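Working notes, structure below.
All values below come from the heavy atoms of this structure, side chains included, with hydrogens, waters and symmetry mates left out. Counting begins at 1 with the first residue of the sequence. These numbers come from a predicted model, not from an experiment.
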Amino acid sequence: MDLTINIKDIILNIRVVVLVKTKKGYVLEKSPNGYLYFIGGRIKINETSEEAAKREIHEEIGIEIDKLIFKTVVENFFISKENKPVHEISFVYTTEGELEIPDLTADCIEYPSDEFEKLDIRPKILKDYILTNNNNPHIIYKGF
């Protein structure tokens with residue numbers, strides 16, 4: 001059971017994001033709507049954020065990771081495609097070193113960070129986090 005809670009007219013999501021580093025850059029997924037996003041997903045009840053991050057990496061790119069490095073927490077406020085306000089709390093991790101991933105699916109692509117400026121990566125705050133080499137342990141982004 002995912003940690004998504006409806007409180008009155010607001011959705012609260014608790015999720016993880018993994019900045020999967022490779023020799024070429026970072027692994028991003030492509031949404032059906034055309035924008036890109038980092039590997040991740042909702043945390044399940046009784047699952048730690050690190051366990052969720054490792055699970056998401058395995059589900060999305062089929063590899064097992066022993067060690068992740070915690071980077072930041074992002075509070076992201078935005079309007080959903082159903083036009084509902086969302087308060088999303090994301091625990092952001094990165095992989096240790098640069099991974100070589102032999103077989104990415106069609107939905108997952110490696111992008112060099114020097115191309116990020118021209119890409120539609122969401123949430124935008126994570127794109128900015130990488131581009132500015134930000135080390136802030138808590139980021140708040142209000143997209144509405």
Side-chain angles (χ1 to χ4, degrees), residues 1-22 24-99 101 103-113 115-144:
M1 178 177 246
D2 291 341
L3 285 177
T4 296
I5 304 163
N6 289 296
I7 304 169
K8 296 186 181 183
D9 293 330
I10 299 172
I11 299 167
L12 173 64
N13 285 329
I14 312 294
R15 63 187 318 269
V16 294
V17 174
V18 186
L19 309 175
V20 178
K21 291 192 281 186
T22 68
K24 293 181 184 176
Y26 290 88
V27 176
L28 295 163
E29 291 188 73
K30 189 168 190 168
S31 82
N33 298 326
Y35 64 86
L36 301 168
Y37 57 96
F38 292 96
I39 302 260
R42 291 183 180 92
I43 298 172
K44 297 187 181 304
I45 196 79
N46 289 325
E47 181 179 51
T48 70
S49 61
E50 186 174 21
E51 290 168 342
K54 290 177 180 179
R55 175 181 50 77
E56 288 292 339
I57 290 171
H58 185 260
E59 288 175 3
E60 301 299 331
I61 57 178
I63 62 173
E64 300 285 335
I65 296 289
D66 291 325
K67 184 169 183 187
L68 292 171
I69 300 163
F70 175 76
K71 297 301 282 183
T72 189
V73 171
V74 175
E75 285 188 75
N76 189 19
F77 298 82
F78 61 95
I79 303 297
S80 73
K81 62 183 174 190
E82 293 84 21
N83 208 28
K84 285 186 146 188
V86 178
H87 181 174
E88 189 167 80
I89 300 170
S90 296
F91 296 88
V92 181
Y93 290 86
T94 189
T95 53
E96 187 175 48
E98 297 174 337
L99 302 179
I101 305 166
D103 298 314
L104 286 173
T105 66
D107 293 334
C108 294
I109 304 165
E110 292 176 80
Y111 288 95
S113 54
E115 291 182 11
F116 279 17
E117 195 62 47
K118 61 185 175 187
L119 300 173
D120 182 9
I121 299 173
R122 299 185 191 174
K124 183 182 178 304
I125 195 68
L126 284 177
K127 171 175 138 175
D128 296 343
Y129 179 84
I130 290 173
L131 289 174
T132 61
N133 203 18
N134 189 342
N135 286 316
N136 188 345
H138 182 200
I139 300 168
I140 300 171
Y141 180 73
K142 288 196 173 187
F144 58 82

| request: Could you walk me through whether F91 and I43 pass the side chain to side chain contact (heavy atoms under 4.5 Å, CB included) test, one step at a time? | output: CA-CA 10 Å; F91 296 88; I43 298 172; 3.8 Å; yes
| query | Between Y129 and V17, is a side chain to side chain contact (heavy atoms under 4.5 Å, CB included) present by the stated rule, with each step listed? | reply | CA-CA 13 Å; Y129 179 84; V17 174; over 6 Å; no
| field | Reported CG-to-CG distance for the pair D107 and L28, which is rounded to 0.5 angstrom | value | 12.5 Å
| Under 3.5 Å donor-acceptor, K54 side chain and L68 backbone | no
| request: Decide whether E50 and T48 meet the rule of one side-chain donor and one side-chain acceptor closer than 3.5 Å. | output: no
| message | Does K30 have more than 12 heavy atoms from other residues, nucleotides or ligands lying within 6.0 Å of its NZ? | response | no
| Hey, what do you get for NZ (K142) to NE2 (H87), rounding to the nearest 0.5 Å? | 8.5 Å
| remark: Distance col, row R122:CZ vs N76:CG, nearest 0.5 angstrom, shows 11.0 Å
| query | Do V27 and I39 come within less than 4.5 Å of each other through their side chains, counting heavy atoms only? | reply | yes
| query | Just wondering, are more than 12 heavy atoms of other shown residues or ligands nearer than 6.0 Å to CG in N6? | reply | yes
| query | Short question: side chain of T94, backbone of I69 - any donor-acceptor pair under 3.5 Å? | reply | no
| task | Kindly assign one of parallel, tilted or perpendicular to the pair F70 and Y93, based on the angle between their ring planes and the thresholds 30° and 60°. | result | perpendicular
| Quick one: OG1 on T4 to NZ on K44, what's the gap to the nearest 0.5 Å? | 9.5 Å
| message | Within the supplied structure, the quantity of interest is the number of heavy atoms (other residues, nucleotides, ligands) at a distance under 6.0 Å from D9 CG; does it exceed 12? | response | no
| Quick check: does any side chain N or O of T95 sit under 3.5 Å from a backbone N or O of V20, one acting as donor and the other as acceptor? | no
| query | What are the two closest heavy atoms between K127 and F38, and how far apart are they? | reply | N-CE1, 4.5 Å
| Minimum heavy-atom separation for E96 to L99, with atom names? | O-CD2, 4.3 Å
| said: Contact between I89 and L12 at the side-chain level, heavy atoms closer than 4.5 Å - yes or no? | reply: yes
| message | Ignoring hydrogens, what is the shortest heavy-atom contact between E47 and A52? Give both atom names and the distance. | response | OE1-CB, 3.3 Å
| request: Give a yes or no answer on whether the side chain of N33 reaches the backbone of Y35 with a donor-acceptor pair at less than 3.5 Å. | output: no
| query | Would N13 and L3 satisfy side chain to side chain contact (heavy atoms under 4.5 Å, CB included), going step by step from the backbone distance to the final call? | reply | CA-CA 6 Å; N13 285 329; L3 285 177; over 6 Å; no
| task | Answer yes or no: does atom CD of E115 have more than 12 heavy-atom neighbours from other residues, nucleotides or ligands under 6.0 Å? | result | yes
| note | Taking every heavy atom of S113 against every heavy atom of L131, the minimum-distance pair comes out as O-CD2, 3.6 Å
| request: Drop me the distance from I5's CD1 to I10's CD1, to the nearest 0.5 angstrom. | output: 12.5 Å
| Euclidean distance, F78 CZ relative to S80 OG, rounded to 0.5 Å | 7.5 Å
| message | Could you go through V16 and R42, starting from their C-alpha distance and side-chain angles, then the distance that decides it, and tell me whether this counts as side chain to side chain contact (heavy atoms under 4.5 Å, CB included)? | response | CA-CA 6 Å; V16 294; R42 291 183 180 92; over 6 Å; no
| request: Using modelled atom types only, decide if a donor and an acceptor are shared between the side chain of T22 and the backbone of K24 within a distance under 3.5 Å. | output: yes
| message | Tell me the closest heavy-atom pair linking T72 and N136, and the distance in Å. | response | OG1-O, 2.8 Å
| Nearest heavy atoms of C108 and I61, plus distance in Å | SG-CG2, 3.9 Å
